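Worth saying up front: this structure is predicted, and the values here are computed from it rather than measured. Numbers restart at 1 for each chain; the letters A, B, ... are given by sequence-line order, proteins then strands.
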Amino acid sequence: MNTDRIRGMYDILPDEIGWWRLAEQAMIDTARRFNYREIRFPIVEYTELFARGMGEATDVVGKEMYTFTDRKERSLSLRPEGTASVVRAYLNQGWHTQAPFQKLFYIGPMFRYEKPQKGRCRQFHQFGIEALGSLDPSLDAEVISFAWSMMDQLGIGGLWLRLNSIGCSEDRERFRAVLHAHFSRSIAHMCADCNRRLDENPMRILDCKEPQCQPFIDTAPGSADHLCPECALHFAHVRSLLDLLGLGYEIDSRLVRGIDYYTRTVFELMSKDLGSQDTLLGGGRYDGLVETFGGPSIPGLGFAGGFERLVIILQERANAKLTETSLDLFLATLGEAGRRYAFSLAQRLRRDGFSVDIDHRNRALRKQLTLANALHARHLLVIGDDEARAARGKIKQMDSGEELEISLEADTIADVLRKGG
RNA sequence: GGGAGCGUAGCGCAGCUGGUUAGCGCACCAGGUUGUGGUCCUGGGGGUCGCGGGUUCGAGUCCCGUCGCUCCUCCCA
């Protein structure tokens with residue numbers, strides 16, 4: 001039997017799960033403070049949902065999806081992101097007619113077929129929020145502020161925000177034409193990818209890192225200079241609200257992002273502790289997406305971030321400390337009567353809410369104590385046949401070594417455990 | 001899609017210009033102490049040296065191939 005993991009998919013082990021809980025808890029708590037409600041949606045959707053939502057020409061749809069056909073020959077895909085599913089659920093529930101304004105968040109695994117490396121896996125985990133139903137710049141600012149607040153709660157520093165506006169769909173069309181004209185003049189000197197992008201999606205050329213392309217990208221017009229008056233005003237409002245909240249950002253007119261549904265505000269929160277995968281979280285507006293899926297014209301925006309990257313930062317910066325797990329009581333046993341007595345005592349105390357563990361391997365007493373130590377048990381009770389018969393024994397506080405003779409009734413023990421903190 | 005590095009016990013590693021039964025630390029198990037922990041001592045279990053082929057009297061070591069992992073580039077979470 002082959003016990004290898006699937007490439008790019010990892011076990012999250014008990015020793016590291018604390019960092020994940022910490023990150024998830026920060027997400028859940030920030031969502032509570034900002035009043036975003038949790039939604040969970042399937043891991044598999046019709047392929048078309050992602051293809052139409054994210055855009056056929058995007059890298060994700062073009063070459064990174066886990067796509068397969070089911071037994072009825074329908075094309076399904078493992079979700080590569082959450083936004084399309086949230087919008088699908090939104091329409092599915094009829095929220096566009098009954099409750100068009102929604103603030104939602106989600107946590108869960110996503111799948112993209114890419115070469116794995118630090119901070120990039122084939123099964124990775126995202127936290128994300130989506131706010132639908134308002135075009136107001138205050139919602140843009142809130143979404144960005146949400147991201148900062150969450151990082152703040154985790155004590156993560158060394159972050160900066162790249163911000164841009166790529167305008168409404170008309171602006172995008174005009175901007176594409178402007179870029180096409182700009183790059184057409186120099187395309188012969190540019191890399192193969194950019195030659196392909198010129199007609200496919202000239203905005204993506206701005207993302208190119210090839211040295212030979214840089215001079216032409218540096219002189220390219222920025223998207224923020226080609227906004228219609230309405231979009232320009234919207235962008236100015238977003239910036240002024242971020243200023244009001246004291247949130248830092250840098251305008252980056254080259255930031256275009258890799259998914260087609262974005263309009264107007266786009267942003268990425270970057271970390272200098274992540275190496276080459278330095279985007280911790282990214283998002284933006286998608287004012288046309290609901291309509292693309294056949295719904296009414298309802299705007300929305302959101303972001304998604306990577307838990308793996310968050311965990312890397314948490315571990316490496318170690319600003320946060322994990323609390324060691326501990327046990328209220330360890331029951332060491334001797335003899336059959338002792339074991340039976342302890343077994344039933346454990347049941348009672350666990351029902352009362354205490355964490356209790358017991359030896360299951362019939363090991364020497366000394367080994368049981370070593371185990372109690374390793375488990376950080378706060379109290380120890382040795383129950384042998386004598387204790388079982390007399391229903392009395394000595395409970396020991398592990399750190400001080402102090403022993404107290406008590407009656408071995410569950411209530412009496414519970415009192416001692418409570419007093420012992 | 002392109003590039004680089006690395007595969008020896010669960011983990012971290014050593015193993016010289018090829019030369020006996022492949023070692024060390026941690027972890028694990030047992031005993032010292034058959035009813036009281038963290039220390040210490042002793043012992044033990046664990047390896048197709050990633051896999052396949054080649055060279056050789058002899059390969060963990062050299063050669064070729066292959067698979068896997070990691071990282072970089074790209075893109076992004």
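One atom, CD1 of A:I383, and another, P of B:U36, lie 16 Å apart when rounded to the nearest Å. Distance, A:L365 CG to B:G35 C1': 5 Å, rounded to whole Å. Rounded to a whole Å, the CD atom of A:E403 is 15 Å from the P atom of B:G35. Protein atom CG of A:L334 is 10 Å distant from nucleotide atom C1' of B:U34, rounded to whole Å. Atom NZ of A:K394 is separated from atom C1' of B:G37 by 15 Å (rounded to the nearest Å). Rounded to whole angstrom, the span from the CG atom of A:D4 across to the P atom of B:C51 amounts to 13 Å. Across the protein-nucleic acid pair, A:D359 atom CG and B:G35 atom C1' stand 14 Å apart, rounded to whole Å. The distance from atom CG of A:L369 to atom P of B:G37 is 6 Å, rounded to the nearest whole Å.
Salt bridge status for A:E405 with A:R392: present, with a side-chain N to carboxylate O gap under 4.0 Å. The existence of a salt bridge linking A:R389 and A:D385 is excluded, since no basic side-chain nitrogen approaches an acidic carboxylate oxygen closer than 4.0 Å. The pair A:D352-A:R348 counts as a salt bridge, with a side-chain nitrogen and a carboxylate oxygen less than 4.0 angstrom apart. A salt bridge links A:D140 to A:R285: one of the charged nitrogens lies within less than 4.0 Å of a carboxylate oxygen. With salt bridges taken as basic N to acidic carboxylate O contacts below 4.0 Å, one links A:D218 and A:R254.
Note: A:F175 and A:H226 have tilted aromatic rings, judged against thresholds of 30 and 60 degrees for the angle between ring planes. Note on ring orientation: taking the six-membered ring where Trp is involved, the planes of A:F146 and A:F34 are tilted (angle from 30° to 60°). A tilted orientation is assigned to the rings of A:F307 and A:W20, their planes being inclined by 30° to 60°.
Nucleotide B:A4 has B:U70 as its partner under the Watson-Crick or G-U criteria, with both atom distances under 3.5 Å. For B:U36, there is no paired nucleotide, since no Watson-Crick or G-U wobble pair has both relevant distances below 3.5 Å. Of the nucleotides present, B:G54 is the one that pairs with B:C62 by Watson-Crick or G-U wobble criteria, both distances under 3.5 Å. Under the Watson-Crick or G-U wobble criterion, with both distances below 3.5 Å, B:G25 is paired with B:C11.
Counted within 6.0 Å of CD1 on A:I6, heavy atoms from surrounding residues, nucleotides or ligands total 12 or fewer; the atom is thus considered open.
Contact between the side-chain N/O atoms of A:Y10 and the OP1/OP2 oxygens of B:C69 is not found at any separation under 4.0 Å.
To the nearest whole angstrom, the two P atoms, one in B:G23 and one in B:G45, are 12 Å apart. Between B:U8 and B:G50, the two C1' atoms lie 10 Å apart (nearest whole Å). Nucleotides B:C72 and B:G25, compared at atom C1', are 32 Å apart to the nearest Å. A gap of 49 Å separates the P atoms of B:A4 and B:U42, to the nearest Å.
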Sequence-aligned protein contact record of nucleotides 27-32 of chain B, with B where the base is within under 4.0 Å of a protein heavy atom and S where only the sugar-phosphate is: --SBBB
Can you check each nucleotide of nucleotides 72-77 of chain B against protein heavy atoms at under 4.0 Å and return B for base, S for sugar-phosphate only, - for none, in 5' to 3' order? SBBBBB
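Below the 3.5 angstrom threshold, one finds a donor paired with an acceptor across the side chain of A:E387 and the base of B:G35.
Among the heavy atoms of the strands, none lies under 4.0 Å from A:M110.
Not a single donor-acceptor pair under 3.5 Å links the side chain of A:S75 to the backbone N or O of A:T47.
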